[in-house]
Amino acid sequence: MNLYSVLAAPIMQQFDGLVESDLDFAPSPKLEVGDVALRTFIAAKKVGMAPPQFAQAIVEQVDFGTSVIEVKAAGPYINFKLNRSQFAKSIVSTVFDQGDSFGSSQGGAGQTMLIEHTSINPNASPHVGRARNAMYGDSLVRLFRFDGYDVDVHYYVNDIGRQIGLLVLDTEGQLDELTFDDVLEAYVKANDRANPEKPEYDADFEAAGYEMLAKMEKGDPEIAAKFTQVTDLCLAGQLAVLARLGIEYDCFDKESKYLDDPSLDEIVKALEAKKAVFTDEDNRLVVDLSKIGHDRDEGRYFVLRRGNGSSMYGFRDLAYTIDKMSKGADVNLQVFGEDHKLYAEQLELILKAANKPVPESIYYAYILLKEGKMSTRSGEGVLLEDFLDQAAERAQVKIDEQCADMSEEERKEIARKISISAVRFSILRVNPNKSVIFDWESSLSFSGDTGPYVQYSTARINSMLRKFGEVPTEIADDIPLTADAEWALMAHLATFTDVVAQATSSRNVAAIGVYALETARLFTSFYHDCPVLVAETEELKVARVQLCKATLQTLTNALNLLGIEALERM
RNA sequence: GCGCUCGUAGCUCAGUGGAUAGAGCACCGGCCUCCGGAGCCGGGUGUCGGAGGUUCGAAUCCUCUCGAGCGCGCCA
């Protein structure tokens with residue numbers, strides 16, 4: 001359903017040599033001027049006329065039939081007043097027909113996508129900053145699934161490394177009784193004991209931690225089992241928090257699997273052939289990236305192995321990336337914080353040098369705390385769990401007073417859904433390459449540009465639909481939807497498919513949030529202007545209810561992409 | 001120092017070549033004897049960081065510059 005094709009066809013018929021993309025249609029700046037505008041610059045150039053003359057020529061010569069009521073040139077622009085009723089039928093019936101898949105252009109049908117996101121160190125609880133990674137990744141998953149892709153979601157588990165070694169050491173013998181929170185606490189203590197700058201510093205303990213790690217890397221089965229036990233416990237704790245936001249994964253890839261992967265030899269050989277790898281004075285194995293395309297001194301060297309022979313994170317990550325790419329998905333994505341940009345570029349150079357395919361990286365900027373007393377500088381300072389708890393508490397207060405007739409169970413469930421909406425929306429609505437200033441007050445607010453505001457529209461529509469009863473699926477030919485508020489809403493619904501396609505190809509989920517807000521705003525405006533259940537005539541009532549239902553469907557689909565549920569009541 | 005990203009209203013953000021740059025928050029007025037007031041309507045606020053350039057046309061593209069965030073050899 002494209003409003004503009006209907007107008008483009010007769011123009012192309014009248015003027016030879018024009019294709020649809022030459023005709024630059026957009027909504028008119030104001031409804032008083034017209035419903036749709038054509039900007040003639042590109043097409044005028046192609047037919048060899050000055051834009052205002054070409055505009056005039058179109059107005060005089062082209063017959064737009066019944067779909068247009070009035071055509072007026074305004075300098076290089078042309079404004080069309082449309083037969084709104086005719087377009088209304090087309091728009092509403094398209095939404096009805098496509099239902100839950102309205103908005104999808106099925107561009108990914110038959111294709112596969114592999115995405116890796118989140119990957120938090122096991123020794124930490126998810127912070128709001130990291131959660132931006134998980135929420136973005138998760139919404140990309142939803143977006144690609146909606147577009148028809150078969151998506152596989154991967155989580156890279158950093159199950160080896162110094163911090164796990166320290167944890168194993170510190171919790172030895174008591175792991176069976178410990179909870180995730182206990183382990184987090186233990187890690188803080190263990191970290192201090194291994195930090196020479198802290199009063200608790202214990203050199204023997206630190207050394208024992210490294211020894212533990214070395215044994216693990218050598219494949220000691222007993223130690224390995226202990227590592228697994230700690231890692232699994234932590235992972236389960238992290239996943240529980242992420243699951244509260246509706247975030248799930250298909251595969252967990254353990255880093256320890258890639259300690260000595262055969263593909264690593266292949267990489268080193270390829271680098272050797274280009275004289276891009278050397279062993280330095282401290283016996284480290286180092287890549288000189290300037291030999292394979294890096295053009296400056298900063299970040300020129302990339303260490304693969306330490307002097308003692310143990311591998312670096314990046315070396316194992318190379319093996320992991322090769323493994324991921326070997327699955328042959330049509331689209332491969334990985335979501336990183338902006339601090340990983342150089343690192344990812346370095347990996348990319350190495351992979352390319354070894355003639356290996358490279359996944360596409362998506363970056364998000366950090367979340368900063370509004371300056372204040374206890375602010376550390378990044379959003380790392382706020383635990384996701386606390387954020388969710390606070391949001392749920394606030395929502396609960398409001399629900400308890402507003403939905404007093406419902407059971408406690410129901411109220412709790414609704415409060416939960418609203419809190420998730422507030423949290424996800426506040427983070428997702430900002431473009432990912434832009435830092436978000438995190439502030440409790442506005443992030444937990446339920447009014448204005450928020451997820452709960454959008455949900456409110458869905459609850460309101462559902463309330464009307466319950467009162468109305470069964471909505472006829474048949475749309476009348478002369479459906480009486482012609483008021484400005486009705487048109488503005490319908491015209492906006494008609495753009496959803498384009499918005500989704502654009503968001504998918506640019507991997508920018510924020511556009512969906514902006515769209516959902518605008519839809520909710522236009523709906524509320526319509527709702528206040530146009531009586532629905534108390535409309536003057538039965539025809540008008542049915543038509544408006546149908547528009548409401550189409551709006552609800554669109555909002556539901558948009559919210560789903562953001563991991564937010566539309567609500568029956570709130 | 002070098003590289004990447006960002007800079008739009010008091011604050012938080014939309015707006016990736018087209019008409020008079022838009023929302024929310026905050027502030028001031030209205031609006032529930034009509035369908036849900038987490039709402040709606042109205043009121044004003046801009047050197048689009050700055051300077052050049054490209055273009056019929058620039059918040060948007062290019063160059064320079066200032067400011068902020070992030071990164072830059074044995075953390076993951």
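All chains are named by letter (A, B, ...) in the order of the sequence lines, taking the proteins before the strands, and each is independently numbered beginning at 1.
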Identify whether any heavy atom of A:Ile399 sits under 4.0 Å from a base atom; if not, whether one sits that close to sugar-phosphate; answer base, sugar-phosphate or nothing. base
With a non-hydrogen cut-off below 4.0 angstrom, is A:Arg521 in contact with a base, only sugar-phosphate, or nothing?
sugar-phosphate
Rounded to whole Å, CG of A:Leu465 lies from P of B:C35 at a distance of 16 Å
Practice task
Determine whether the side chains of A:Ser311 and A:Arg316 contain a donor N or O and an acceptor N or O closer than 3.5 Å.
Solution key: yes
Ignoring hydrogens and angles, are the base of B:A76 and the side chain of A:Glu255 linked by a donor-acceptor pair under 3.5 Å? no
Do we count A:Tyr77 as stacking onto B:A19 if the rule is ring centres under 5.5 Å and planes under 30°?
yes
### Verify stack between A:Tyr301 ring and B:G73 base, 5.5 Å, 30 degrees
yes
Notebook entry, point to check: Can you find a side chain N or O atom of A:Arg306 that sits less than 4.0 Å from OP1 or OP2 on B:A76?
Noted result: yes
Give one of base, sugar-phosphate or nothing for A:Ser457, where a contact means two heavy atoms less than 4.0 Å apart. nothing
- Query: So does A:Glu345 reach the base of B:G3 with its side chain, donor to acceptor, closer than 3.5 Å?
  - Reply: no
Look at all strands and tell whether A:Cys530 reaches a base, only sugar-phosphate, or nothing, counting heavy atoms closer than 4.0 Å.
base
When rounded to whole Å, the CG to C1' distance for the pair A:Leu559 and B:A38 reads 15 Å
Here the distance between atom P of B:U12 and atom CZ of A:Arg429, to the nearest Å, is 12 Å
* Asked: Crowded around A:Glu360 CD? As in, over 12 foreign heavy atoms under 6.0 Å?
  -> yes
So A:Ala37, base contact, sugar-phosphate only, or nothing? Heavy-atom distance under 4.0 Å. base
What one should report as the nearest heavy-atom pair of A:Ala516 and A:Ala558 is CB-CB, 4.2 Å
Measuring centre to centre across the rings, with the benzene-like ring taken for any Trp, is A:Phe438 within less than 6.0 Å of A:Phe387? yes
Original post:
Across the strands shown, which category fits A:Glu281 at heavy-atom distances under 4.0 angstrom: base, sugar-phosphate, nothing?
Top reply: nothing
Rounded C1' spacing from B:G18 to B:U55 in Å: 12 Å
For a quick check, tell me whether the side chain of A:Asn79 and the base of B:A19 share a donor-acceptor pair closer than 3.5 Å. yes
In terms of heavy-atom contacts, A:Thr524 and A:Tyr453 come closest through OG1-OH, 3.4 Å
Counting only heavy atoms not in A:Glu441, do more than 12 fall under 6.0 Å of its CD?
no
Given B:G7, is OP1 or OP2 found less than 4.0 Å from the side-chain N or O atoms of A:Lys434?
yes
Ranking A:Ser311 and A:Asp297 by the position along RNA chain B of their nearest nucleotide, the one closer to 5' is A:Asp297
On the nucleotide B:G57, are OP1 or OP2 found under 4.0 Å from the side-chain N or O atoms that A:Arg39 carries? no
Applying a 4.0 Å non-hydrogen cut-off, can you work out what A:Val514 is touching in the nucleic acid: base, sugar-phosphate, or nothing? sugar-phosphate
Check: Taking only N and O in the side chain of A:Ser447, is any of them less than 4.0 Å away from OP1 or OP2 of B:G24?
Finding: no
Handout entry: Separation between the C1' atoms of B:A26 and B:U12, rounded to whole Å
Key = 11 Å
How is A:Val436 classified with respect to the nucleic acid when contacts are heavy atoms under 4.0 Å: base, sugar-phosphate, or nothing? sugar-phosphate
Taking pairs as Watson-Crick (N1-N3 plus N6-O4 or O6-N4) or G-U wobble (N1-O2 and O6-N3), each distance under 3.5 Å, the stems of three or more consecutive pairs with RNA chain B are B:1-7 with B:66-72, B:10-13 with B:22-25, B:27-31 with B:39-43, B:49-53 with B:61-65
#### Entry: Atom C1', compared across B:G3 and B:C11: separation rounded to whole Å
31 Å
- Task: Flag the pair A:Phe252 / A:Tyr155 as yes when their ring centroid distance falls below 6.0 Å, and as no otherwise.
- Result: yes
Would you say a side-chain N or O of A:Asn431 is under 4.0 Å from OP1 or OP2 of B:A14?
yes
By the 4.0 Å heavy-atom rule, please label A:Glu32 as base, sugar-phosphate, or nothing.
nothing
Practice prompt. Determine the Euclidean distance between corresponding P atoms of B:U8 and B:A51; express it in Å to zero decimal places.
Written response: 16 Å
Which of B:G39, B:A76, B:G3 is nearest the side chain of A:Arg460? It is B:G39
Check your understanding: Side chains of A:Asp317 and A:Tyr343: do they bring a donor and an acceptor to under 3.5 Å?
Key -> yes
Report task. Taking only the side-chain nitrogens and oxygens of A:Asn433, find out if one of them lies under 4.0 Å from OP1 or OP2 of B:C6. Result -> yes
A:Phe425 atom CZ is separated from B:C13 atom C1', nearest whole Å, by 11 Å
Give a yes/no verdict on base stacking between B:C35 and A:Tyr527: centres under 5.5 Å, planes within less than 30° of parallel. yes
- Flag the pair A:Glu345 and A:Lys341 as a salt bridge only when some basic side-chain nitrogen lies within less than 4.0 angstrom of an acidic carboxylate oxygen. no
(message) What I want to find out is whether A:Lys324 reaches A:Glu116 closely enough, with some N-O distance under 4.0 Å, to be called a salt bridge.
(response) yes
ask   = Base, sugar-phosphate alone, or nothing: which one does A:Ile418 contact when heavy atoms must sit under 4.0 Å apart?
value = base
Between CG of A:Leu289 and P of B:G73 the distance, given in whole Å, is 11 Å
Between CE of A:Met464 and C1' of B:G36 the distance, given in whole Å, is 9 Å
Using a 4.0 Å heavy-atom cut-off, does A:Tyr363 contact any base of the nucleic acid, only the sugar-phosphate backbone, or nothing at all? nothing
Should A:Lys341 be listed as having a side-chain N or O under 4.0 Å from OP1 or OP2 of B:C72?
-> no
The side-chain contact (heavy atoms from CB on, under 4.5 Å) partner of A:Pro432 among A:Asn508, A:Ile362, A:Val509 is A:Asn508
- Gap in Å between the two C1' atoms, one belonging to B:A59 and one to B:G7, rounded: 11 Å
*Rounded C1' spacing from B:C40 to B:C13 in Å*: 22 Å
Residue pair A:Asp449/A:Ala520 against RNA chain B: nearer the 5' end by closest nucleotide is A:Asp449
Please tell me whether A:Tyr515 and A:His492 form a close aromatic pair, meaning their ring centres lie under 6.0 Å apart.
yes
Given the 90°-from-0 boundary between syn and anti, B:C27 should be labelled anti
For B:G71, is there a stacking contact with A:Tyr343, counting only centres under 5.5 Å and planes under 30°?
no
**Asked** Phosphate oxygens OP1/OP2 of B:G36: is one of them under 4.0 Å from a side-chain N or O of A:Ser463?
**Response** yes
note: A:Ile362, atom CD1; B:U5, atom C1'; distance rounded to Å ~ 16 Å
Phosphate contact (B:A76 OP1 or OP2) by A:Tyr320 side-chain N/O below 4.0 Å: no
For this session: In whole angstrom, give me the gap between the C1' atoms of B:G36 and B:G17.
Result: 43 Å
ask   = Using a cut-off of 4.0 Å on non-hydrogen atoms, how would the nucleic acid contact of A:Ala26 be classed: base, sugar-phosphate, or nothing?
value = nothing
Here the distance between atom C1' of B:G36 and atom CG of A:Asp405, to the nearest Å, is 12 Å
Picking from B:C70, B:C74, B:U16, the nucleotide nearest the side-chain atoms of A:Ser506 would be B:U16
Given the C1' atoms of B:G67 and B:C48, what is the spacing between them in whole Å? 16 Å
